[in-house]
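No hydrogens, no waters, no symmetry mates; every other heavy atom, side chains included, goes into these values.
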Amino acid sequence: MSARRARGLMVLGTASNVGKSLTVAALCRIFADDGYDVAPFKAQNMSLNAAVTPDGREIGRAQAVQAEAARRPAEVEMNPILLKPTGERRSQVVLEGAIWADLDAWDYHRRRTEELFPRVRAAYERLAARCELIVLEGAGSPAEINLKDRDIANLRMAAAADVPCVLLADVDRGGAFAALAGTLALLEPDERARIRGFALTKFRGDLDLLQPGIVTMERRLEIPCVGVVPWIDAPGIDEEDGYLPPPTPPRWPDESGAMRRLRIAVLELPFFANATDVDALAAEPSVVVRRVAAPAELDGADVVVLPGSKETARDLAWLRARGFEPALRAHVAAGRPAIGICGGMQMLGERLDDPDGVERGGSVAGLGLLPIATTLAPHKTTLRVAGRLAGGALFGQPLAPASFTGYEIHVGVSRRTGGAPFALLRRAGADDEHEDGAVAGPVCGTYVHGLFDDDDFRHAALRALRALAGLAPPSATAAWRAEREARYDRLAAIYRAALDVPQLVRLAGLAVHA
């Protein structure tokens, strides 16, 4: 073990979706602003929203976001185990950024957690040797008594890291005081001793009416309340399985004329992965993004996006069963663009072969709208990339600039059988370029996630897409990267006003900075 080891503080919850991920992100920004060298950590995350670290490894998006809030690069040690659901009771296990196994829930919880926990502890120690403070996030509830003997994400991790914990309860769902008392009642004495404070989240109402309950709970639980966090409307911060997309309208707005908003339909796939790919588009004032689950909802769309998928063959079957195939063909036949990202690109292609049973095995015909053929393989590609559009144009519309950055997370290799490549990509730290995706008429596909996060590229792409739809250039654009930073700052300001931050710093065993 290194001579230097970070102090820590763990955020636990009485249940899932009580605000743990958001709280950790807020604390990371607060502590970073106060001059602490802080990093996030979550032993085990379950989510289809993933991110790629600068060295090309896969972690949960929530931890990448928390790292961004802490103003530091994401590292695989921040989330050593990522579980990506592949069915109702199965998950792909990503260990230290790479695929380790595909397991059912019983096998994982009853046999594999003991095998993996030493790797989790080692990851934490490596991270703790590089920073001053770690804010750990729990998972679900620490009092799931049917799973507690194999729970490596909550109090067992807190004991291994030797850190105190703060327990969150969601006021908005009701029963917050009972949830706090019940959670502590189900813990063993040594586990309970680690809970050093509690906080209430998602509160809307009169704080004076809540105060008597807080006083009673402090007396009953013999721990202090460290704050009451108000309800936050649309914080705009990526979370994990609790990811909330930007609001989607029930129908296309009744707008007309050259200045109306560009209408982008995004298929709401059952195994929608990396859902944040369209968030930057949704933030644009000249765009309306609508997530659709029925073919009729494509009527009136200017652009259709087929997003990433964790189970491409199953989502393709869902798409066909819902009747999307003829609707997509009609959309493209009218000359309107369709864009496939990662799994969405694979679906648009000619066929999807799975000789090794990575998903379902066998072969399935694609939609045939893009000249590519995909073969799935057990190895997963995870890369940070810089790219430029092949030919410098999007659907025949010149783009300036035509370059972007992003990342790849996918299994399988796609071979172009015609058309032209979508882009030329260069992996981080390399000089050579390789082809990516394909373009054929009004259809294009790419393996690159996050390409629309790049402000300059997104603005150029919007000008091109609006021109194709017969619309005028946008009169205003969003600064997405700056807006993300502003969102972290707004979140931190809300939490700083709501929580006793000096008390949390002291709980973690650090001196309060003046």
Side-chain angles (χ1 to χ4, degrees), residues 262-267 269 277-278 281 292 295 298 301-309 312-313 315-316 319-320 324-353 363-376 381 385 387-400 402-404 406 408 410 412-425 433-449 451-452 457-458 460-470:
L262 184 76
R263 299 168 180 171
I264 300 179
V266 181
L267 269 60
L269 303 173
D277 279 341
V278 296
L281 291 169
V292 302
L298 295 185
D302 299 308
V303 182
V304 174
V305 174
L306 280 72
S309 168
T312 306
D315 277 340
L316 180 58
L319 182 155
R320 284 195 164 112
F324 269 106
E325 187 166 12
L328 286 168
R329 291 188 182 282
H331 176 89
V332 171
R336 293 191 292 268
I339 301 171
I341 301 174
C342 199
M345 176 184 71
Q346 294 175 345
M347 290 182 231
L348 286 169
E350 296 166 348
R351 63 182 307 98
L352 184 68
D353 297 320
S363 298
V364 62
L367 297 173
L369 297 174
L370 202 60
I372 63 166
T374 299
T375 301
L376 300 183
T381 298
V385 296
R388 58 186 178 92
L389 291 185
L394 181 64
F395 302 124
Q397 299 286 319
L399 258 65
S403 58
F404 54 86
E408 296 184 44
H410 59 91
V413 176
S414 295
R415 178 175 57 86
R416 186 167 54 84
T417 60
F422 172 76
L424 299 175
L425 303 183
E433 293 182 321
H434 62 276
E435 289 187 359
D436 166 66
V439 178
V443 183
C444 74
T446 177
Y447 270 124
V448 181
H449 294 284
L451 77 162
F452 292 119
F457 177 79
R458 184 180 66 259
L462 284 179
R463 288 192 293 271
L465 291 170
R466 288 183 65 86
L468 283 171

Check the pair Leu319 / Leu306 against side chain to side chain contact (heavy atoms under 4.5 Å, CB included), numbers first and verdict last.
-> CA-CA 10 Å; Leu319 182 155; Leu306 280 72; 4.2 Å; yes
Show your working on side chain to side chain contact (heavy atoms under 4.5 Å, CB included) between Phe422 and Ile339 and close with a plain yes or no.
-> CA-CA 11 Å; Phe422 172 76; Ile339 301 171; over 6 Å; no
Give the intermediate values and the outcome of side chain to side chain donor-acceptor pair (under 3.5 Å) for residues Gln346 and Thr374.
-> CA-CA 6 Å; Gln346 294 175 345; Thr374 299; 4.7 Å; no
Step by step, work out the side chain to side chain contact (heavy atoms under 4.5 Å, CB included) result for Leu316 and Phe324.
-> CA-CA 10 Å; Leu316 180 58; Phe324 269 106; over 6 Å; no
Starting from the C-alpha separation in whole Å, work towards a yes-or-no answer on side chain to side chain contact (heavy atoms under 4.5 Å, CB included) for Leu298 and Val292.
-> CA-CA 7 Å; Leu298 295 185; Val292 302; 3.8 Å; yes
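The side-chain heavy atoms of Pro371 and Thr417, taken from C-beta on, include a pair separated by under 4.5 Å. Taking 4.5 Å as the limit, some side-chain heavy atom of His449 sits within range of a side-chain heavy atom of Ile341. Between Leu468 and Asp302, every side-chain heavy-atom pair lies at or beyond the 4.5 Å cut-off. In this structure the side chain of Leu267 reaches within 4.5 angstrom of the side chain of Pro307, judged on heavy atoms.
For the residue pair Cys444 and Phe395, the shortest heavy atom distance occurs at SG-CZ, 3.6 Å. Shown here for Ser309 and Leu269, the closest heavy-atom pair between the two residues is CB-CD1, 4.3 Å. Of all non-hydrogen atoms in Pro421 and Val439, the two that sit nearest each other are O-CG2, 4.1 Å. Contact record, Phe452 with Ala461: CE2-CB, 4.2 Å, taken as the closest heavy-atom pair. Gln397 approaches Ala464 most closely through the heavy-atom pair CB-CB, 3.5 Å. Ala438 and Leu370 make their closest contact through O-CD1, 3.7 Å (heavy atoms, listed as atom of the first residue, atom of the second, distance).
A parallel orientation is assigned to the rings of His410 and Tyr447, their planes being inclined by less than 30° (bins at 30° and 60°).
The structure places CG of Leu348 at 7.5 Å from CG of Leu328, a figure rounded to the nearest 0.5 Å. Residue Leu369 holds its CG atom at 10.5 Å from CD of Glu350, rounded to the nearest 0.5 Å. Atom CG of residue Leu425 and atom CD of residue Glu433 lie 8.0 Å apart, to the nearest 0.5 angstrom. Atom CZ of Arg463 sits about 7.5 Å away from atom CG of Leu399, to the nearest 0.5 Å. Within the model, atoms CD1 of Ile264 and CG of Leu462 stand 6.5 Å from one another, a figure rounded to the nearest 0.5 Å. Between the CZ atom in Arg388 and the CG atom in Asp436 there is a gap of 12.5 Å [rounded to 0.5 Å].
Between the side chain of Arg329 and the backbone N or O of Leu367, at least one donor-acceptor pair lies under 3.5 Å. Using modelled atom types, one side-chain atom of His331 and one backbone atom of Pro337 make a donor-acceptor pair closer than 3.5 Å. The main-chain N or O of Ser363 is never found under 3.5 Å from a side-chain atom of Asp353 such that the two would form a donor-acceptor pair.
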